Each structure stands twice: as C-alpha cells, then as structure tokens.
Amino acid sequence: MSKNFQIEILHQDKNCGARYGILHTPHGSVELPMFMPVGTQATVKLLSPEELKGMGAGVVLANTYHLALRPGSEVVKEAGGVQKFMNYDGPMLTDSGGYQVFSLTKLRDKITEEGVSFKDPLSGDRHFFSPESVIALEEDIGADIIMAFDECAPYPATKEYMVDSVLRTIRWAKRCLAAKTRDDQALFGICQGGDYADLRQYCAQELTKLPFDGFSIGGTAIGEPRITEYHEVSLTIPYLPYDKPRYLMGIGSLDMMFDGIRKGVDMFDCVLPTRLARHGTLMTSYGRVNIKNRKYERDFTPLDPDCDCPCCKNYTKAYLHHLMKCEEGFGGRLCSLHNIRFLIHQMERAREAIREDRFLEFAAEVLSDFKGERGC
C-alpha cells in the first residue's frame with residue numbers, strides 16, 4: 001500500500017456482498033460505499049468546495065486530461081497540488097484521461113504500443129499520452145488516488161479487438177507502476193474486457209497479480225444495454241481482492257450503484273447528477289422530476305420532503321420551475337446541490353443498512369419508490 005493509504009472493511013452484510021468500511025488517505029478518512037462527485041476541471045460544476053464538504057462529500061474527482069490541457073499540470077503543481085489549487089479540504093482522485101482520449105475518435109491518431117497522440121480540441125495543438133507521461137501528469141496534479149492509463153475500448157467491439165485492447169491495458173498497467181515515484185499517492189488498476197467473460201476474468205486476474213493499491217471496473221456505461229452493464233460488473237468482482245478498494249467507474253444511477261454495492265463495490269463516480277441538474281432534471285425519493293414541467297408552476301411545496309439539502313429545505317418547486325424556465329444560474333446551482341446531496345444521502349443510508357444486515361431490503365424499498373423510472 002502507498003503511504004497513509006489503507007482500507008478497513010468493518011462489516012459485510014450477511015445476506016450479500018455489500019460491505020461497510022473506512023478508506024484512509026493522506027487528506028482524511030471517508031466511509032464506504034460512497035459516491036464521488038466529479039470536478040472534471042478542478043471544480044464540480046456550479047458548486048463550491050465548501051458546499052461539497054457541507055453536504056458530506058468524501059472523495060472528489062478531477063480529470064488528468066482536462067487539467068493537462070488547461071491550466072496545465074505544472075500550474076496545479078506550483079499551486080501545491082489540486083486540493084490547494086481548488087481549496088478542497090478532503091481526499092481527491094484523478095482519472096487518467098484514458099476515457100477522454102479514446103472517446104475523441106475524430107481528434108486522435110491510431111493507438112500504438114507507446115501511447116496515443118491527439119489534437120487539443122481548443123487550441124489545435126497535438127499532445128501525446130503514454131503510461132509514463134500520464135503518471136507524471138497525475139503526480140504533478142497530486143491527488144490522493146491516481147488511475148492507471150488504460151484503453152477504454154468502444155462498445156460493441158469484436159473479440160479480436162478486445163483481446164488486443166486488454167493485453168495492451170495490462171502492459172500499460174505495468175508501465176504505470178514502473179513510472180510511479182510518489183509514495184503518498186495510491187495507484188489503481190483498471191479492469192477491462194467488455195462483455196466477454198473470459199477477457200474480464202483474465203484482465204482482472206493479471207492486474208491483481210500486480211501491486212496496485214486498488215482496482216476499478218472500467219468500460220461500463222459507454223452505451224451498452226443496462227443488463228450488459230450489470231453483467232460486466234458480475235464478471236469482474238469475483239476476481240478482485242477483498243482487502244483492497246473496488247471502484248466502478250462512471251456510474252451515478254441508483255439502480256447501478258445499488259447493484260454494485262450488493263456485489264461488493266465500494267466507490268462510484270459520475271457527472272450524471274450535475275448534468276441532469278443543469279437541464280432541470282432532479283433525482284428525488286419518488287423518481288426523477290423535470291422541474292420545467294408546467295405542472296410545477298404553482299406548486300409551492302418542497303421538491304423532496306425526505307431530503308435535507310438547502311434546496312429542499314428553503315425553496316419550492318414553483319421557484320425552481322421559475323428559475324429554470326428563466327435560465328437563471330441560481331436554478332442550476334440549487335438543482336445541482338440537490339442531486340449531489342441526494343446521492344450522498346442515499347449512500348449514507350446504504351452504509352447504515354449494510355451495518356444492520358438489511359441492505360437488500362433497503363435497496364428494494366428505495367428503488368420501488370421510483371415508480372418505475374429507470375436510473376434515478
């Protein structure tokens with residue numbers, strides 16, 4: 001384990017794989033399972049770091065790809081690291097940028113064994129990411145948890161393509177470990193393999209032979225059917241060690257999070273809550289709400305009586321409706337505050353349920369209240 005980084009599994013629900021624990025990092029300890037808000041460019045859109053701490057956020061994400069382009073990793077390093085740069089008093093994680101690089105198919109060149117070159121969508125300049133250069137960028141940025149550089153293959157992908165992709169991801173993982181120099185950062189490996197059972201198993205087994213501090217499940221929520229997403233998690237979890245953190249990347253819908261927790265996942269992240277909020281869609285205890293709908297024009301009740309966020313405690317649906325229809329920035333802020341706090345609160349409730357060996361009942365009850373609305 002890296003310096004000052006450790007996971008304690010304190011309880012596993014006797015009826016499933018759900019587990020409650022504490023993750024210790026150089027910037028503090030946080031409870032698991034948890035949802036991690038995404039601050040791609042060292043900011044969670046529309047929210048302040050102080051608000052994030054106030055609503056119980058633990059680990060917050062930033063993205064290596066975006067920070068490397070703007071303002072540049074050297075600027076973040078000069079500021080004293082990403083926590084000091086954005087004034088967040090808590091643990092942080094940086095994604096390697098692999099997903100962003102590989103999703104920009106029109107801007108990148110052919111993937112080679114050395115890495116991948118791509119065009120900056122803002123300046124037009126060309127950049128090159130390799131396992132070594134990405135680790136150097138992440139060490140400059142200075143988050144507590146850093147991710148290995150992997151290939152996030154598209155869905156669907158042929159078996160032939162996925163075999164090459166998985167083998168490259170494993171080779172790059174070894175290069176990331178060799179390039180790492182800081183002992184105060186935890187490095188996670190990323191398990192790939194698409195929806196191919198043998199490749200998911202092989203990738204996980206090969207990566208877990210290596211001295212990573214934690215492991216993530218990558219390549220999900222990239223356009224595949226929901227049932228396939230569930231399956232990809234099931235294919236990977238059995239081969240991940242019990243005594244290291246397990247992170248399901250890019251997931252922010254409660255049905256997927258609860259499924260992952262049931263199987264033993266500890267960490268989740270997604271831009272979904274703030275992205276939905278900016279368009280007036282809110283996650284509530286009774287399903288998703290489009291606050292722009294005209295039926296809320298004269299609804300002077302709180303958005304969600306079961307929520308303790310500043311939005312629900314102080315404002316009405318009618319006011320939110322007005323703000324979003326007028327495209328006022330305050331409306332997006334209130335909606336973002338609510339959606340982030342909603343997911344954090346559900347994780348708090350999930351942790352309590354795990355400690356009391358009733359996670360399955362809790363998850364079923366919460367999801368049944370969504371009136372069939374998928375993905376809330």
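Note that the numbering runs from 1 along the sequence shown for the chain. Everything numeric in this text was worked out from a predicted model, so none of it was measured.
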Does a side-chain N-to-carboxylate-O contact under 4.0 Å join Asp13 and Arg19?
no
Is there a donor in the side chain of Asp357 and an acceptor in the side chain of His11, or the other way round, less than 3.5 Å apart?
yes
How about Tyr202: does its OH atom have over 12 heavy atoms from other parts shown lying under 6.0 Å from it?
no
Fit a plane to each ring of Phe118 and Tyr65, take the angle between them on a 0 to 90° scale, and name the class: parallel (under 30°), tilted (30 to 60°) or perpendicular (over 60°).
tilted
Looking at residues at least two apart in the chain, or sitting in another chain, which of them share a salt bridge (charged side-chain N to carboxylate O under 4.0 Å, His left out) with Arg298?
none
Cluster overlap Ile251 with Leu235, hydrophobic side-chain contacts below 4.5 Å:
no
Yes or no on side chain to side chain donor-acceptor pair (under 3.5 Å) for Asp144 and Gln83, after CA distance, side-chain angles and deciding distance?
CA-CA 9 Å; Asp144 302 85; Gln83 274 100 338; 2.6 Å; yes
Lys/Arg-Asp/Glu bridge criterion (N-O < 4.0 Å) met for Arg175, Glu114:
yes
Given the rule in the side chain to side chain donor-acceptor pair (under 3.5 Å) test, do Asn290 and Thr281 qualify, once you have shown the distances and angles that lead to the verdict?
CA-CA 5 Å; Asn290 180 359; Thr281 299; 4.9 Å; no
Check the surroundings of atom CD in Gln41: do more than 12 heavy atoms from other residues, nucleotides or ligands lie under 6.0 Å from it?
yes
Under a 3.5 Å threshold, yes or no: a donor from one side chain and an acceptor from the other, between Gln192 and Ser165?
no
Can Arg351 be said to sit on top of Tyr20's aromatic six-ring, NZ or CZ under 6.0 Å from centre and within 45° of the ring axis?
no
Parallel, tilted or perpendicular: which one describes the rings of Tyr315 and Tyr319, with boundaries at 30° and 60°?
parallel
If we ignore angles and hydrogens, is there a donor and acceptor under 3.5 Å between the side chains of Asn63 and Thr40?
no
For Glu51, what residues pass the salt bridge (charged side-chain N to carboxylate O under 4.0 Å, His left out) criterion, not counting sequence neighbours?
Arg333
Residue pairs fulfilling ring pair (Phe, Tyr, Trp, His ring centres under 6.0 Å) with at least one residue in residues 33-53, sequence neighbours excluded
none
Measure the shortest side-chain to side-chain distance between Leu32 and Ile22 over non-hydrogen atoms and say whether it is less than 4.5 angstrom.
no
Distance-only side-chain donor-acceptor flag, Ser2 / Asp213, under 3.5 Å:
yes
Does Lys84, at its NZ atom, have more than 12 non-hydrogen atoms belonging to other residues, nucleotides or ligands within less than 6.0 Å?
no
Is it true that the side chains of Asn87 and Glu50 contain a donor and an acceptor less than 3.5 Å apart?
yes
Treating Lys180 as the side-chain partner and Gln185 as the backbone partner, does any N or O pair qualify as donor plus acceptor under 3.5 Å?
yes
Just checking, any donor-acceptor pair under 3.5 angstrom between side chains of Asp195 and Thr228?
no
For a quick test of your reading: what N or O donor-acceptor pairs under 3.5 Å do the side chains of residues 89-99 make, sequence neighbours left out?
unit_1, atom_1, unit_2, atom_2, d
Thr94, OG1, Glu138, OE2, 2.9
Ser96, OG, Gly98, N, 3.2
Ser96, OG, Ala148, O, 3.1

Would a distance-only check, ignoring hydrogens and angles, find a side-chain to backbone donor-acceptor pair under 3.5 Å from Arg246 to Gly264?
yes
Donor-acceptor contact present, side-chain Ser368 to main-chain Glu365, <3.5 Å:
yes
Pairs touching residues 158-173 that satisfy salt bridge (Lys or Arg N to Asp or Glu O under 4.0 Å), sequence neighbours left out
Glu113-Arg171, Glu151-Arg168, Lys159-Asp198
Residues Lys209 and Glu206 bridged, charged N to O under 4.0 Å
yes
Establish, from distance only, whether the side-chain atoms of Tyr242 and Gln12 form a donor-acceptor pair under 3.5 Å.
yes
Under the ring pair (Phe, Tyr, Trp, His ring centres under 6.0 Å) test, residues paired with Tyr247 that sit two or more places apart:
none
Heavy-atom donor-acceptor pair, Ser216 side chain to Gly189 backbone, under 3.5 Å:
yes
Among side-chain atoms of Ser336 and Asn339, is any donor-acceptor pair under 3.5 angstrom?
no
Distance-only side-chain donor-acceptor flag, Gln201 / Tyr239, under 3.5 Å
yes
Can you tell me if NZ on Lys292 sees more than 12 non-hydrogen neighbours from other groups inside 6.0 Å?
yes
Considering residues, nucleotides and ligands other than Leu122, do more than 12 of their heavy atoms fall under 6.0 Å from its CG?
yes
Is the closest side-chain heavy-atom distance between Asp266 and Leu23 below 4.5 Å?
no
Answer yes or no for Lys244 and Phe212: cation-pi contact, defined as NZ/CZ to six-membered ring centre under 6.0 Å and angle to ring axis within 45°.
no
Is Glu297 salt-bridged to Arg294, cutoff N-O under 4.0 Å?
yes
Just do the side-chain contact (heavy atoms from CB on, under 4.5 Å) check on Leu207 and Phe215 with the steps written out, would you?
CA-CA 8 Å; Leu207 289 182; Phe215 296 93; 4.2 Å; yes
